[in-house]
J.: 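One structure, as structure tokens, below. Some questions next.
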There are 2 protein chains.
Amino acid sequence: MKPHSLLVDLYELTMAQAYFNYHKDTVATFDLFVRQLPAGRSFLLFAGTEDVVSYVKNLRFGLSDIAFLKRQQLFTPAFLRYLKDFKFRGDLWAMPEGTVFFAGEPVLRVTSSIIEGQILESNLLNTVNLATMIASKAVRVVLAAGNCGVFDFSLRRTHGQDAAIKAARSSYLAGFSGTSNVRAAQLYGIPAVGTMAHSFIMSFKSELHSFRAYSSIFPGRSILLVDTYDTRNGIKNAIYIGKELEKRGYRLLGIRLDSGDIASLARLARRMLDREGLTYVKIFASGNLDEFKITQILSKNAPVDNFGVGTKMGVSVDAPYLDVIYKISEVGSRQGKFLPTMKLSAGKVTYPGRKQVVRISDKKGRYLRDALVLEKERVAIGGKPLLEKVISRGCLCSAMPSLRTVRRYVQTQLARFPEALTYPRSRYTYPVVLSRELKRLMSYLQLHLSEHS
Amino acid sequence: MKPHSLLVDLYELTMAQAYFNYHKDTVATFDLFVRQLPAGRSFLLFAGTEDVVSYVKNLRFGLSDIAFLKRQQLFTPAFLRYLKDFKFRGDLWAMPEGTVFFAGEPVLRVTSSIIEGQILESNLLNTVNLATMIASKAVRVVLAAGNCGVFDFSLRRTHGQDAAIKAARSSYLAGFSGTSNVRAAQLYGIPAVGTMAHSFIMSFKSELHSFRAYSSIFPGRSILLVDTYDTRNGIKNAIYIGKELEKRGYRLLGIRLDSGDIASLARLARRMLDREGLTYVKIFASGNLDEFKITQILSKNAPVDNFGVGTKMGVSVDAPYLDVIYKISEVGSRQGKFLPTMKLSAGKVTYPGRKQVVRISDKKGRYLRDALVLEKERVAIGGKPLLEKVISRGCLCSAMPSLRTVRRYVQTQLARFPEALTYPRSRYTYPVVLSRELKRLMSYLQLHLSEHS
């Protein structure tokens, strides 16, 4: 779904009009960051660059859009002509997708004409909020599930269709193994998975009839849902079908538990299956799962092989939005000097200047801390800079990494953080420090900016 | 954004394949309903019919979709040919958009070939979940705001772009007065509104310079954001600009408060404005608002005229999903008798049979209770049936009502419910009863269906 150029807050355009009249040659840097981690979270997982880049590169205002804006009687003809020829010509820096990050760290940085930077705001916030929120929730589920597979079943309860597709992508990136969402599978090459619904079983004369019908069509790929009427009976029926399949030279892929006490039902199912020699049949669990419920199920030594996780991941139920903001950090003229700036509103202070985030490791490659530094002092401070230039003067710097590459990066990276960071109820605070120069700049501006009011 | 035909859970299609092989002539009825109201909610507001109807009418599988499905090696050539010619040929019943409804009441009812009904499931759930969740949250904000206007500012934090557009539509339907989302304004004819951002002010030499620049371009439509540096000073600067505008024959539209103690700042602003004769300048408040915060602000007699409400409405923060489900309620052959059916899983029992919801009023038109009845006993029971046929044998029965009509319907309807239903912290439970015939059918099926397992 290509974003529409008018999917923008009206004020971006009225401010752009004012910049056009008063600040046409002003260049500015904007930072996109999360002000505070959601309650109970120790880190976030960045996602969304691919969509951001596609939007920034392709943003144009068509004639019907211009005509609609004209009817608002807010904009001058000269500004509407400017929009007709609009093309982003600035620089965009971003953390690579799949990067673990923390509060206050810019994940995107835009340096461009102030008009261009302003117009991007609504879309950049919306895109990063969704992709990052889901990736950050999904990686918690992946960590909780340990060696079990996890599959995205969230399509029916995500906030619309865009969200469904992004939930599949972000969760796969975070380590999920597949999705039920066929469109996302098609778009991103994610493995598509599916079982059956209760209504399917109810439409047949009996559960056994429904199992037999399904498995005769998908003999090697059937996962039978066993809890429609009575779970123990359902398992018995699945075993019956498993043996029928064996006679035909196939293997029943799995059974699915979707209600009741999953841990004890999984143990029951495993015993019943094993007793009949169906040791290869996998147990899938689903139904209102999240990282906490999965941890609880596995803590009871439940022999579950795979989890289907839907709503609670797909809407990031404990943190259904991130505190993402997009703030100006420096202003300058096209030729002249850049002046750092910051916001002083009560409780909403921002970091000034053109900044980089560096991640500092020990000799074994374990991450020790991050530092928020001014770009000019970055080399002196050392560490790995996390922001990379992805668009330079309007052009893509290099191809985006594949989704599988990002997925691997997430896992190798997580292994380098202290393990305590990855617990579902982690209280670990990873250190993020401000450089001395940045602190000095902030003190200076706090003194001098209040004069501006 | 037209929904993609493959935006469907894989299992809908594998089940459809199995129905195609075994139940090609089976006709079924599916109910879409919310199993439980979210915690703290006394009612929901239905929305989504317009999108559902558009999807159901237009669903086709294109050649590239068929090719992708073929590559999954799950489907037979005959079934893929069936999909190529797919068109919904059944009936769809729906509550009118904007209808207040309660747990267990079907809001959509599909009667069609079981294959068609099954394929619709993912999209219908996704569409109704989003539109209804937002409308239900937004109407609470509207009720809390009383005579004040409320505007949708949620674009930057909704779950993607589809959600942003639907949030604007659903909130307008629920009684909001406008949106910041330009695309939604264009699509639905909703008034577009905008103010200015802190970054705009920070990009000028001083706050006063920024106010003057903005108001010189939009002299009759400026809402000045006064809290970037110091709110009292910001109000002074706005007054200064207001007087400049008066000299030019214009009126400052408003000021906006976005942080701090809104109630006391609004009182301060009102006093300062009135003292200078700027009694016509409106006060806008924004910043993390929801129905609870608005109630609190207004309970302190804060002279706020309009509220900008964003994230908490746009993600329905206290209930970021609804317990929407789609269940089969009867199965029959194309010629023969329909057999009601129901699900017996622990804690997930469903209502069988082809049902209607009737709303029963007293002589003054005040709503007394709803009853869930079997279609065949509806006339005898009386009351206003809430489900209306919108698609008959695949064709639209009549044009959809306009968004403004729906918006008016919401308000007139709410006035007929007990006032206690509409309080933000309502504990009122509106009575929804089951008809005697429905109860009898359930007892019968509970006895006999367990044999099916």
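Note that the coordinates shown come from a computational prediction; the quantities given were computed from them, not determined experimentally. Below, chains carry the letters A, B, ... as their sequence lines are ordered, and counting in each starts from 1.
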J.: Let me know if A:Val331 has heavy atoms under 4.5 Å from chain B in its side chain, its backbone, both or neither.
T.: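 Only the side chain of A:Val331 comes within 4.5 Å of chain B.
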J.: Applying side chain to side chain contact (heavy atoms under 4.5 Å, CB included), run through B:Arg156 and A:Glu121 and close with a yes or a no.
T.: CA-CA 8 Å; B:Arg156 59 190 53 201; A:Glu121 180 182 35; 3.4 Å; yes
J.: Which region of A:Leu130, side chain (C-beta onward) or backbone (N, CA, C, O), has a non-hydrogen atom less than 4.5 Å from a non-hydrogen atom of chain B, or is it both or neither?
T.: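 The side chain, not the backbone.
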J.: Could you tell me if the side chain of B:Asn123 sits less than 4.5 Å from the side chain of A:Gln161, heavy atoms only?
T.: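 Sidechains of B:Asn123 and A:Gln161: in contact.
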J.: So for A:Leu155, is it side chain, backbone, both, or neither that comes closer than 4.5 Å to the heavy atoms of chain B?
T.: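 For A:Leu155, backbone and side chain are both near chain B.
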J.: So, taking the atom named CE in B:Met15 and the one named CD1 in A:Ile201, what distance separates them when rounded to the nearest 0.5 Å?
T.: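 The distance works out to 9.0 Å.
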J.: Heavy atoms only, distances under 4.5 angstrom: which of B:Ser122, B:Ser5, B:Ala213, B:Ala167 has the most pairs with chain A? Name it, please.
T.: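 Between B:Ser122, B:Ser5, B:Ala213, B:Ala167, the count favours B:Ala213.
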J.: Between CG of B:Leu7 and CD of A:Gln186, what distance do you get to the nearest 0.5 Å?
T.: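 So the CG of B:Leu7 and the CD of A:Gln186 are separated by 10.5 Å.
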J.: Quick check on the interface: out of A:Phe75, A:Tyr11, A:Phe153, who has the most heavy-atom pairs with chain B under 4.5 Å?
T.: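 Among A:Phe75, A:Tyr11, A:Phe153, the one with the most close pairs to chain B is A:Tyr11.
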J.: Rounded to the nearest 0.5 Å, what separates atom OG in B:Ser203 from atom OH in A:Tyr19?
T.: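 The OG atom of B:Ser203 sits 3.5 Å away from the OH atom of A:Tyr19.
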J.: For chain B, find which of A:Lys327, A:His23, A:Gln73 contributes the most heavy-atom pairs closer than 4.5 angstrom.
T.: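 Ranked by contacts with chain B, first place is A:His23.
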J.: So what's closer than 4.5 Å to chain A heavy atoms on B:Glu330: side chain, backbone, both or neither?
T.: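 The answer is neither part of B:Glu330.
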J.: Between A:Thr341, A:Val324, A:Leu322, A:Leu74, who has the most heavy-atom pairs with chain B when the cutoff is under 4.5 Å?
T.: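 The candidate making the most pairs under 4.5 Å is A:Leu74.
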J.: If you count heavy-atom pairs under 4.5 Å between each of A:Ala197, A:Ala168, A:Ala185 and chain B, which one has the most?
T.: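 Most heavy-atom pairs under 4.5 Å with chain B: A:Ala197.
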J.: For A:Val193, which atoms come within 4.5 Å of any heavy atom of chain B: side chain, backbone, both, or neither?
T.: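 Only the backbone of A:Val193 comes within 4.5 Å of chain B.
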J.: To the closest 0.5 Å, what do you measure between CG (B:Asp31) and OG (A:Ser199)?
T.: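 Rounded to the nearest 0.5 Å, the CG-OG separation comes out at 11.5 Å.
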J.: Which region of B:Arg221, side chain (C-beta onward) or backbone (N, CA, C, O), has a non-hydrogen atom less than 4.5 Å from a non-hydrogen atom of chain A, or is it both or neither?
T.: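 Just its side chain gets close to chain A.
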J.: Side chain from CB out, backbone as N, CA, C, O: work out which of these in B:Ala164 comes under 4.5 Å of a heavy atom of chain A, or both, or neither.
T.: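 Looking at B:Ala164, just its side chain touches chain A.
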J.: To the closest 0.5 Å, what do you measure between NE2 (B:His198) and CD1 (A:Ile328)?
T.: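 Answer rounded to 0.5 Å: 13.0 Å.
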J.: Check each of B:Val182, B:Asn181, B:Thr179 against A:Leu10 using the side-chain contact (heavy atoms from CB on, under 4.5 Å) test, and report the only one that passes.
T.: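 Of B:Val182, B:Asn181, B:Thr179, side-chain contact (heavy atoms from CB on, under 4.5 Å) with A:Leu10 is met by B:Val182 alone.
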J.: So which part of B:Lys312 gets closer than 4.5 Å to some heavy atom of chain A, the side chain, the backbone, both or neither?
T.: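 For B:Lys312, the side chain is the part near chain A, not the backbone.
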J.: What's the verdict on side chain to side chain contact (heavy atoms under 4.5 Å, CB included) for B:Lys166 and A:His159, showing C-alpha distance, side-chain angles and the deciding distance?
T.: CA-CA 9 Å; B:Lys166 297 303 152 52; A:His159 293 193; over 6 Å; no
J.: Is A:Thr127 close to chain B through its backbone or its side chain, or both, or neither, when contacts mean heavy atoms under 4.5 Å?
T.: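 Answer is side chain: those atoms of A:Thr127 sit under 4.5 Å from chain B.
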J.: Please flag which part of B:Gln72 lies under 4.5 Å from any non-hydrogen atom of chain A: side chain, backbone, both or neither.
T.: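 Both parts, backbone and side chain.
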J.: Is it the backbone or the side chain of A:Asp152 that comes under 4.5 Å from a heavy atom of chain B, or both, or neither?
T.: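 Contact with chain B involves no heavy atom of A:Asp152 at all.
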J.: Is A:Asn21 in contact with chain B via its backbone, its side chain, both, or neither, using a 4.5 Å heavy-atom distance?
T.: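 Looking at A:Asn21, just its side chain touches chain B.
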J.: If you tally heavy-atom pairs under 4.5 Å against chain B, which of A:Gly160, A:Ser64, A:Ala192 wins?
T.: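 Highest number of pairs under 4.5 Å: A:Gly160.
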J.: Answer with side chain, backbone, both or neither: which region of A:Thr311 has an atom nearer than 4.5 Å to a non-hydrogen atom of chain B?
T.: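 Contact with chain B involves the side chain of A:Thr311 alone.
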J.: Is A:Phe200 close to chain B through its backbone or its side chain, or both, or neither, when contacts mean heavy atoms under 4.5 Å?
T.: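 Answer is both: backbone and side chain atoms of A:Phe200 are under 4.5 Å from chain B.
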J.: Please classify the contact between B:Asn126 and chain A as side chain, backbone, both or neither, with a heavy-atom cut-off of under 4.5 Å.
T.: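 When you check distances to chain A, atoms from both the backbone and side chain of B:Asn126 fall under 4.5 Å.
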J.: Can you tell me how far NE2 of A:His209 sits from OH of B:Tyr22, rounded to the nearest 0.5 angstrom?
T.: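 Between atom OH of B:Tyr22 and atom NE2 of A:His209 there are 10.5 Å.
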J.: Is B:Asp9 in contact with chain A via its backbone, its side chain, both, or neither, using a 4.5 Å heavy-atom distance?
T.: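 Both backbone and side chain of B:Asp9 come within 4.5 Å of chain A.
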J.: Give the member of A:Glu12, A:Gln118, A:Met196 that has the highest number of heavy-atom pairs under 4.5 Å with chain B.
T.: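 Going by pairs under 4.5 Å, I would pick A:Met196.
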J.: Report which part of A:Tyr326 has an atom under 4.5 Å of a heavy atom belonging to chain B: side chain, backbone, both, or neither.
T.: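 For A:Tyr326, neither part sits under 4.5 Å from chain B.
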J.: Using the rule given for side chain to side chain contact (heavy atoms under 4.5 Å, CB included), can you reason through B:Asp323 versus A:Arg157, listing the C-alpha separation, both sets of side-chain angles and the distance that settles it, and then say yes or no?
T.: CA-CA 9 Å; B:Asp323 195 13; A:Arg157 301 264 181 78; 3.6 Å; yes
J.: Let's go through A:Thr14 and B:Tyr214 carefully: what are the C-alpha distance in whole Å and the side-chain angles of both, what is the deciding distance for side-chain hydrogen bond (donor to acceptor under 3.5 Å, both in side chains) to 0.1 Å, and is it a yes or a no?
T.: CA-CA 8 Å; A:Thr14 56; B:Tyr214 197 85; 2.8 Å; yes
J.: If you take all heavy atoms of A:Ile217 and B:Gln17, which pair is closest and at what distance?
T.: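 It is CG2-CG, 3.7 Å.
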